[in-house]
Amino acid sequence: MNGKHITKLGFQKKAVGLALAAAQIRGQAGLGQAEILGELRGVLAAPSEYGGSVYAELAAELLAQQEQERRGQSAPLRDSPLPYSVWGADLIEPGATAQMDMAMRLPVARAGALMPDAHVGYGLPIGGVLATEGAVIPYGVGVDIGCSMMLSVYPLPADLKAAEARQLLLKHTRFGAGVSFEKRERQDHEVLHDPAWQDQALLKYLHAKAAEQIGTSGSGNHFAEFGSFRLAQPDLGLEAGEYLALLTHSGSRGFGAQVAGHFTRVAEQRHKRLDPAAKKLAWLDLDTEEGQAYWQAMTLAGRYALANHEQIHGRLARALGVTPLLNVSNSHNLAWKQQVGDRELVVHRKGATPAEAGRLGLIPGSMADPGYLVRGRGHAAALASASHGAGRQLGRKAAERSLVKGDVQRYLEQRGITLIGGGVDEAPQAYKRIEDVLARQSDLVETVGEFMPRVVRMDTGSQDI
DNA sequence: ATGTAC
């Protein structure tokens, strides 16, 4: 008798172990394998009849699992989507709108909005904002949980030599999938000592990876770049003018990716009868153990991602020998509990910047276009959100197919950009014009300052620029 | 996004 016999009967998750334990006891009582399997079949068919037996614990777990399934299946999709507001509809591909429509048909959906950088993603589109009640959607947060931006403005003129900036980035940042910091370079951080790591087997398991990778940047659209930050008028305690600044885009690395993967699978298991078109929008109820576990892991991944930025900025500030005048950061892949009207809802921002009234946020353009420090206006219909960047206008493969390397190189040269790494799939031409995107959301955020990249580091793409 | 499943 082993786990395979048990799972073959149809037992799942925790029930497998419980069934094995009960089978062992029955075996010791002298029953044969066939007899035990027969009894287990009986328990599976009618768990409520085995309350007082050796199978009591197993039966209770099965009943709980059945209840979970019923919950997930109790409310079907709405026939039509709840209404939601769209910013910059002329910039948004139909596929992204279709995904948002689907999200607004979920029984747990209450409100939503689509930002002008929106494009197709898994489940919820990138640039999608979705408020649910009592439930959280792993793919409503995204694969890179806590993906975020950080800006440091230094008390230095914006004339750092490109060669020096390049050396600093090469020495103090780490890019690439799977990369970690060398053992002797590794730094500790408060977040690694959070008691939450001990609360779940998954988090315990992922702690070592998190400790190895902290302070790294990863791959894809993540970057670290020196540039000039321009403040048109005095603000935030700074005089108007140009400053040297560092802008970074990073996330929760392998740790967050595995948390996302795990809980997405759990959510999909819970909603097996959900319309296949909404499969990637499977949710977890917050009043379940799993929902709470995801919330805890997601929150930890959000703080871990910001800790990555802190270490990147800490290393570079030390190397420059300066203390920043200003440090701003924001997550743009996360869910928050937020008061919406008279209810507390779960607001998912998947590639959307929190933009409550007065709150600072960072909206990057591309490796060769300006990014912006913005101040939120707290627009209610946008659930106090804005775009998280320019947004893709070409998918990665489409960019590699259609963009000409010489055109990309010329674009960088014309703007005086020094690039380390970088792939054609991340070329400026693969993104919407940041000016267009900002123009469509002037009622969501006001511009405070402009950051122009000068020396940019990214992971190497499959096709170098 | 990650480097492929506790």
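Below, chains carry the letters A, B, ... as their sequence lines are ordered, and counting in each starts from 1.
Nucleotide B:dG3 holds its P atom 15 Å from the CZ atom of A:Phe175, rounded to whole Å. Separating the CD atom of A:Glu212 from the C1' atom of B:dG3 is a distance of 13 Å, rounded to the nearest angstrom. Per the geometry, CD belonging to A:Gln213 stands 9 Å off C1' belonging to B:dG3, to the nearest Å. In this structure, CG of A:Asp144 is placed 10 Å from P of B:dG3, rounded to the nearest angstrom. Across the protein-nucleic acid pair, A:Tyr139 atom OH and B:dT2 atom C1' stand 11 Å apart, rounded to whole Å. Across the protein-nucleic acid pair, A:Gln258 atom CD and B:dA5 atom P stand 7 Å apart, rounded to whole Å. Atom CZ in A:Phe263 sits roughly 14 Å away from atom C1' in B:dA5 (whole-Å rounding). Distance A:Ile145 CD1 to B:dT2 P: 12 Å, rounded to the nearest Å.
Dashed line: the shortest gap from a side-chain N or O of A:Arg253 to OP1 or OP2 of B:dT2 is under 4.0 Å.
When heavy atoms are screened at a 4.0 angstrom cut-off, A:Ser252 is found touching no nucleic acid atom at all. Looking at heavy-atom distances under 4.0 Å, A:Gly218 makes contact with sugar-phosphate atoms alone, never a base. Among the protein residues, A:Lys209 comes within range of the sugar-phosphate backbone only, with heavy atoms under 4.0 Å from sugar or phosphate atoms but none that close to a base. Backbone-only contact: A:Ala257 has heavy atoms under 4.0 Å from sugar-phosphate atoms and none from a base.
Sorted by first and then second residue, the side-chain hydrogen bond (donor to acceptor under 3.5 Å, both in side chains) pairs with a member in residues 124-146 of chain A read A:Arg110-A:Glu133, A:Glu133-A:Arg343, A:Asp144-A:His222, A:Asp144-A:Ser252; sequence neighbours excluded. Here ring-ring contact (aromatic ring centres under 6.0 Å, His included) pairs that include residues 168-194 of chain A, with residues two or more places apart or in two chains, number zero.
Residue order along DNA chain B, read from the 5' end via each residue's closest nucleotide, puts A:His222 first among A:His222 and A:Leu202. Comparing A:Val266 and A:Val179 by the nucleotide of DNA chain B whose heavy atom lies nearest to each, the residue mapping closer to the 5' end is A:Val179.
With no hydrogens or angles considered, a side-chain donor-acceptor pair links A:Gln65 and A:Glu61 at under 3.5 Å.
Taking CD of A:Gln99 as the reference point, atom NZ of A:Lys280 lies at 11.0 Å (rounded to 0.5 Å).
Under a cutoff of 6.0 Å and an axis angle of 45°, A:Arg392 and A:Tyr431 form a cation-pi pair.
Taking the side chain of A:Ala177 as heavy atoms from C-beta on, and the options B:dG3, B:dA5, B:dT2, the nearest nucleotide is B:dG3.
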